[in-house]
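These notes concern the structure reproduced below.
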Amino acid sequence: MTETPPGVDELTHGAEDVLPGGMLAQQLRRDSPLRVKLGIDPTAPDIHLGHVVVLNKLAQFQSAGHTVVLIIGDYTARVGDPSGRDSRRPVLASEQIDANATTFQDQAFKVLDRGATEVRFNSEWLDMPAERLFELVGKVTVARLLERDDFSRRMAADEPISALELLYPIMQGYDSVAVRSDVELGGSDQKFNLLFARDVQRAYGVPGQSIVTMPILPGLDGERRMSKSLGNYVGVTDPPGEMFGKLMSVPDAVMPLYYELLLGDEEPPGAAPVEAKRRLARRLVARFHGEDAAEDAEQRFDRVHVQREAPEDMPEVRLDDALENGGQAGGTVHMPALIAGAFGITSSEGRRLLQQGGVKLDGESVDGANLDMPREALEGRVLQVGKRRFARLLG
RNA sequence: GGGGGAGUGCCCGAGUGGUUAAAGGGGCCUGGCUGUAAACCAGGUGGCUCUGCCUACAGAGGUUCGAAUCCUCUCUCCCCCA
């Protein structure tokens with residue numbers, strides 16, 4: 001019985017799957033650092049906490065001395081991966097993809113060590129002549145591709161599968177060939193793709209990688225996976241206050257997962273749920289914005305939500321700017337238009353909020369019948385919509 | 001190549017000539033309760049200079065006093081057969 005090499009337990013801690021069994025441990029016994037791959041398609045411009053789960057794990061490998069290879073899927077983003085989705089993903093415009101690729105890197109390096117990371121764009125090798133593409137595609141069978149869960153399910157349900165989608169796992173697999181990856185990380189929804197890459201690697205006569213998948217982080221709704229398009233995400237570049245607030249709205253039920261996957265820690269035992277959540281929010285904000293910002297964010301939160309006061313800092317809105325057509329003659333301000341201008345909503349929406357009693361001035365509800373108010377009654381006061389939107393009105 | 005089916009508001013999904021800005025559900029928003037949790041209750045959810053006006057049921061035409069609903073063409077998607 002060989003000793004388990006140091007590191008393997010930690011490196012697989014929290015993982016959902018580590019396959020094939022025992023392989024990673026074996027790889028770790030080698031003297032040379034492993035090449036650990038992560039592919040990200042820049043389909044949305046922000047990295048959120050869901051990505052962080054995997055990035056954390058990657059950072060762990062990195063600090064253990066392994067080489068992280070971050071692949072920006074600028075080419076595959078044009079293909080569209082349907083994993084975990086019911087419908088096909090729209091193909092993005094290239095300019096959009098390129099722009100996303102840039103912000104993606106910056107954000108990924110909030111978790112990873114930039115100096116120790118090899119960044120590659122997969123257009124580098126995937127943008128190949130048709131002849132070579134045929135060679136690649138010729139190495140795999142449709143049957144093998146159709147083993148994937150959602151493909152077979154969609155086949156069975158008579159739902160469409162575009163040929164392009166079939167290409168996706170093949171290309172992702174070729175990434176592994178191109179960068180000679182020893183290990184690939186990903187979310188558990190990527191399991192098939194990561195395993196499939198092994199086939200592609202072997203078809204090219206190189207050793208197959210081992211794979212480590214991480215559990216999927218639920219979003220702020222506590223139900224569905226965290227994703228930008230579902231709007232249930234916390235971006236790593238969200239401002240401290242927003243990040244704190246969003247985290248405080250996480251359902252209790254998924255809090256243990258947040259602790260586990262994002263902090264690699266247990267929820268503090270015996271703490272009241274609010275307290276536990278507060279610490280979670282505090283720690284995560286500190287991680288991305290620093291300790292000071294986290295403290296400010298918490299104080300601001302208390303002020304607004306515990307003491308129910310207006311925050312100290314809030315956007316300032318000039319009455320004239322908010323009212324494109326200016327106030328009415330006679331110094332009256334049309335409230336729906338003001339609300340719309342101040343908070344970037346439509347005036348119809350502003351009107352509804354007003355009529356439903358959701359609008360306050362200096363903390364006092366505005367009578368919904370007051371569609372027009374004298375300008376003097378507004379200048380210098382704090383306009384509030386709902387619980388958390390504030391603006392200071394300036395003449 | 002042939003045949004069949006479908007395109008409705010953020011999403012799903014009713015509606016098949018007249019109180020239809022369009023049932024119902026989901027989501028979301030506001031209010032209540034509260035811990036910006038869950039659950040629950042109430043209201044809202046196209047736009048606007050709002051007791052009214054404008055724009056909307058894939059797109060363009062047409063029939064009609066009147067169309068999301070009927071007709072024509074176009075576009076898109078799905079299925080089956082080959």
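First the proteins, then the strands, lettered A, B, ... as listed; each starts at 1. All values below were derived from every heavy atom in this structure, side-chain atoms included, with hydrogens, water molecules and symmetry-related copies excluded.
Side-chain atoms of A:Asn122 and A:Thr76 form a donor-acceptor pair, as typed in the model, at a separation below 3.5 Å. A donor atom on one side chain and an acceptor atom on the other are not found under 3.5 Å apart for A:Tyr168 and A:Arg148. With 3.5 Å as the limit, one finds no donor-acceptor pair spanning the side chains of A:Glu118 and A:Thr67. Side chain to side chain, A:Gln190 and A:Glu184 fail the donor-acceptor criterion of an N or O pair below 3.5 Å. Using modelled atom types, one finds no donor on one side chain facing an acceptor on the other under 3.5 Å when comparing A:Lys110 with A:Gln107.
Pairing of B:G43, defined by two Watson-Crick or G-U wobble distances under 3.5 Å, is identified with B:C29. Across the strands present, B:A6 finds its partner in B:U76; the criterion is a Watson-Crick or G-U wobble pair with both atom distances under 3.5 angstrom. Look at B:U16: it lacks any Watson-Crick or wobble partner with both distances under 3.5 angstrom. B:A38 is unpaired under the criterion used here, namely a Watson-Crick or G-U wobble arrangement in which both key atom distances are under 3.5 Å.
Listed nucleotides B:C50, B:U36, B:A37 differ in distance to A:Arg388; the shortest reach to its side chain belongs to B:U36. For A:Ser347, whose side chain is taken as the heavy atoms from C-beta onward, the closest listed nucleotide among B:U49, B:A38, B:C50 is B:U49. Here B:G35 is the nucleotide among B:G35, B:C50, B:G31 with the atom lying nearest to any side-chain atom of A:Lys277. When distances run from any side-chain atom of A:Val274 to the nucleotides B:U36, B:G35, B:G46, the shortest one goes to B:G35. When the nucleotides B:A38, B:U36, B:G44 are ranked by their closest atom to the side chain of A:Arg308, B:U36 comes out on top. Taking only side-chain atoms of A:His334, from C-beta outward, the nucleotide of B:U34, B:U49, B:G47 with the closest atom is B:U49. Comparing B:G35, B:G46, B:C29 by their nearest atom to the side chain of A:Arg352 picks out B:G46. Of the candidates B:G31, B:C50, B:A38, B:G31 carries the atom nearest the A:Lys387 side chain, counting heavy atoms from C-beta on. Between B:U36, B:G44, B:U49, one nucleotide has an atom nearer to the side chain of A:Met248 than all others, and that is B:U36. Considering only the side chain of A:Arg389, B:C29 comes nearest among B:C29, B:G46, B:U34.
Going from the P atom of B:G3 to that of B:U64 covers 32 Å, rounded to whole Å. Nucleotides B:A38 and B:C33 have their C1' atoms positioned 12 Å apart, rounded to a whole Å. Separation of the C1' atoms belonging to B:G17 and B:G66 is 8 Å when rounded to the nearest angstrom.
Distance A:Arg282 CZ to B:G35 P: 21 Å, rounded to the nearest Å. Across the protein-nucleic acid pair, A:Glu349 atom CD and B:A21 atom P stand 22 Å apart, rounded to whole Å. B:U30 atom P lies 11 Å from atom CZ of A:Phe343, rounded to whole Å. Spacing between atom CZ of A:Arg224 and atom C1' of B:G27 amounts to 7 Å, rounded to whole angstrom units. Atom CG in A:Leu354 sits roughly 15 Å away from atom C1' in B:C29 (whole-Å rounding). As a whole-Å value, the separation of A:Arg278 CZ from B:G35 P is 12 Å. Atom C1' of nucleotide B:U30 and atom CD of A:Gln384 are separated by 12 Å, given to the nearest angstrom. As a whole-Å value, the separation of A:Met255 CE from B:U36 P is 13 Å.
Interface remark: the A:Asp221 side chain does not form any donor-acceptor pair with the B:G27 base, using a distance-only criterion of under 3.5 Å. You'll find a donor-acceptor pair under 3.5 Å spanning the side chain of A:Gln356 and the base of B:G43, going by distance alone.
The same ILVMFWY cluster, assembled from side-chain heavy atoms under 4.5 Å apart, contains both A:Leu361 and A:Leu371.
Under 4.0 angstrom from either OP1 or OP2 of B:U36 there lies no side-chain N or O belonging to A:Arg300. Checking the phosphate oxygens (OP1, OP2) of B:G47, a side-chain nitrogen or oxygen of A:Thr346 falls inside 4.0 Å.
Within the 4.0 angstrom heavy-atom criterion, only backbone atoms of the sugar-phosphate kind lie near A:Pro251; the bases stay farther away.
Figure legend: cation-pi geometry between A:Lys360 and A:Phe390 absent, as NZ or CZ is not positioned both under 6.0 Å from the six-membered ring centre and within 45° of its axis.
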